[in-house]
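Read the numbers this way: they start at 1 and go in the same order the structure lists the ligands and their atoms. For this chain, numbers begin at 1 and follow the sequence in order. Remember, predicted model here, so these are calculated numbers, not experimental data.
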Amino acid sequence: DQAPVLTIDGPGGAGKGTISRLVAERLGWHLLDSGALYRLTALAATKHDVALDDEPAVAAIAETLDVVFLAENGEARVLLEGEDATRTIRTEQVGDAASRVASLPAVREALLKRQRDFRQAPGLVADGRDMGTVVFVEAPLKIFLTASAEERARRRQRQLREAGVDASLSSLLKEIQARDARDMQRSVAPLVPAEDAVELDTTSLTIPEVVDRLTELLARRG
Ligand code: C5P
């Protein structure tokens, strides 16, 4: 009787964000960008001068996070405590802070219910690191999306260039590898494919190819 969930987990830069949004649009399903919740928690902690390793204090912030997700004219925006945080949460600095607060068990626990509340009819596409292993363990279809670190660095560079930011490939590659290591080695909810996940390497696939593949898989699993 619960709405169906498609979980899409994987390392940063594998294309999860774009793919999840397009699949959700095609299906007319809701979208959970769980990384945004960790980014918003980190940003709120910084705003309130809370140290990123102060577990109870950061967990309290996660618990009471005042966020509103908006979709206006097909454009997604997010408000943190009433202020537009859409762009701020996408910076490398906030991404790095997010992966730090994400290693705190009490913070992950505090965000669990908020994430599960996104599961509503007609269905949910859940994008993250532990959607299939922790948050939606009973999801009928779980995808683990990967791409080589080099390809992810190239994609990130292209994205930044479009935003008018210049970054060297080698520094981006280093950041990606450091983030991967932290996400995979943490003791709570480490980044690993769920046992029943379908792994899809997107290194040499285009975005429409991946979207097609996922909607086909979903139709087959029914
Ligand atoms: O996916 P995104 O880059 O926005 O996520 C930011 C950080 O939040 C990740 O590096 C990861 O440490 C953390 N995260 C997580 N669990 C999730 C989603 C994100 O630990 N489900």
Are Glu151 and Arg155 ion-paired here, with the side-chain N under 4.0 Å from a carboxylate O?
yes
Between Glu199 and Thr146 (side chain of the first, backbone of the second, donor and acceptor by atom type, cut-off under 3.5 Å), is there such a pair?
no
Taking CD in Glu83 as the centre, count heavy atoms belonging to other residues, nucleotides or ligands within less than 6.0 Å. Is the count above 12?
no
Distances only, to 0.1 Å: what are the N or O pairs between ligand 1 and the protein that fall under 3.5 Å?
from, atom 1, to, atom 2, distance (Å)
ligand 1, 1 (O), Arg129, NH1, 2.9
ligand 1, 3 (O), Arg39, NH2, 2.8
ligand 1, 4 (O), Arg39, NE, 2.6
ligand 1, 4 (O), Arg39, NH2, 3.4
ligand 1, 10 (O), Arg129, NH2, 3.4
ligand 1, 10 (O), Asp183, OD2, 3.2
ligand 1, 12 (O), Asp183, OD1, 2.7
ligand 1, 16 (N), Arg108, NH2, 3.0
ligand 1, 20 (O), Arg108, NH1, 2.8
ligand 1, 20 (O), Arg108, NH2, 3.4
ligand 1, 20 (O), Arg186, NH1, 2.9
ligand 1, 20 (O), Arg186, NH2, 2.9
ligand 1, 21 (N), Ser34, OG, 3.0
ligand 1, 21 (N), Arg129, N, 3.1
ligand 1, 21 (N), Asp130, OD1, 2.9

Could you list the cluster mates of Leu172? Members are the ILVMFWY residues connected by side-chain heavy atoms closer than 4.5 Å, either directly or through other members.
Leu160, Val165
Note: Arg21-Glu25 ion pair, threshold 4.0 Å (strictly below):
yes
Take atom CD in Glu109; do more than 12 heavy atoms of anything else shown fall under 6.0 Å from it?
no
